[in-house]
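Below is one structure, written out as structure tokens, with a few remarks after it.
If you're wondering where the values come from, they're calculated on a predicted model, not measured in any experiment. All residue numbers refer to positions in the sequence shown, counting from 1. Every heavy atom of this structure was used, including side-chain atoms; hydrogens, water molecules and symmetry mates were not.
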Amino acid sequence: QVQLVESGGGLVQAGGSLRLSCAASGSIFSINLMGWYRQAPGKQREPVASITTSGSTAYADSVKGRFTISRDNAKNTVYLQMNSLKPEDTAVYYCHALQTVGYWGQGTQVTVSS
């Protein structure tokens, strides 16, 4: 079992920045991939960014150049630095960890005002 706890969401004006954190605990030794998803009201959950155990990253086209995913293996924590935020980035952001099954955090709200 893996437990994921997100933090760092909040309200920010367009053009501002936020950093999300996801702390993993439990059976974390075999996590292959960690990432962030988001779900806006009335929309499906969508992938935002991911990072492998070796540090390879991938991003959704909509956030490339603005968001950066990173990880601190010593702290078992993954971060999502979000810059140049837009109102369309407003969503609940979820941390995800993949072993043989996937695990989700509880989500953190990000609201970007225009």
Side-chain angles (χ1 to χ4, degrees):
Q1 291 284 333
V2 173
Q3 294 78 44
L4 303 171
V5 179
E6 301 108 330
S7 61
L11 173 64
V12 64
Q13 288 188 333
S17 298
L18 284 174
R19 189 177 82 155
L20 306 182
S21 299
C22 172
S25 61
S27 302
I28 61 174
F29 55 88
S30 59
I31 292 176
N32 301 309
L33 182 75
M34 292 192 72
W36 292 92
Y37 286 69
R38 66 187 181 186
Q39 187 167 18
K43 295 188 177 181
Q44 290 188 333
R45 192 172 298 188
E46 61 178 8
V48 175
S50 63
I51 186 166
T52 68
T53 51
S54 61
S56 296
T57 59
Y59 297 92
D61 287 343
S62 59
V63 307
K64 281 181 182 177
R66 301 188 297 122
F67 291 11
T68 302
I69 189 170
S70 61
R71 64 193 297 165
D72 184 334
N73 291 330
K75 296 182 178 180
N76 299 320
T77 299
V78 173
Y79 304 97
L80 185 68
Q81 178 66 45
M82 306 185 294
N83 298 328
S84 302
L85 282 160
K86 304 176 181 180
E88 51 263 44
D89 294 318
T90 295
V92 178
Y93 284 70
Y94 296 91
C95 181
H96 181 260
L98 181 63
Q99 290 179 327
T100 53
V101 296
Y103 296 92
W104 294 96
Q106 81 285 356
T108 185
Q109 177 70 47
V110 172
T111 303
V112 184
S113 63
S114 57

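Counting only heavy atoms from C-beta outward, the side chains of Ile31 and Asn76 never approach each other to under 4.5 Å. Proximity of Arg45 to Tyr94: side-chain heavy atoms (C-beta onward) are separated by under 4.5 Å at one or more points. Annotation: side chain of Ser62 is in contact with side chain of Arg38 (closest heavy-atom distance under 4.5 Å). Ile69 places a side-chain heavy atom less than 4.5 Å from the side chain of Val78. Between Met82 and Arg66 the shortest side-chain heavy-atom distance does not fall below 4.5 Å.
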Verdict with supporting geometry, Leu4 and Gln106, side-chain contact (heavy atoms from CB on, under 4.5 Å)
CA-CA 8 Å; Leu4 303 171; Gln106 81 285 356; over 6 Å; no
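Both Trp104 and Val92 are part of a single hydrophobic cluster, where members link through side-chain heavy atoms under 4.5 Å apart. Val12 and Trp36 end up in the same hydrophobic cluster when Ile, Leu, Val, Met, Phe, Trp and Tyr side chains are linked at under 4.5 Å. The hydrophobic cluster containing Val63 also contains Leu85, counting ILVMFWY residues as joined when their side-chain heavy atoms lie under 4.5 angstrom apart, directly or transitively.
Tyr59 approaches Ala49 most closely through the heavy-atom pair CD2-CB, 3.6 Å. Nearest heavy atoms, Ser114 versus Ala14: CA-CB, 4.4 Å. Closest approach of Glu6 to Tyr93, counting heavy atoms only: OE2-O, 3.9 Å. Nearest heavy-atom pair across Ile51 and Leu33 is O-CD1, 3.4 Å. The nearest pair of heavy atoms linking Tyr79 to Asp72 is CE1-CB, 3.9 Å.
When atom types are taken as modelled, the side chain of Gln99 and the backbone of Ser27 share a donor-acceptor pair closer than 3.5 angstrom. Between the side chain of Thr90 and the backbone N or O of Val112 there is at least one donor-acceptor pair closer than 3.5 Å.
A salt bridge is absent between Asp89 and Lys86: the closest approach of a Lys/Arg side-chain nitrogen to an acidic carboxylate oxygen does not fall below 4.0 angstrom.
For the atom pair CE (Met34) and OG1 (Thr52), the distance works out to 12.0 Å, reported to the nearest 0.5 Å.
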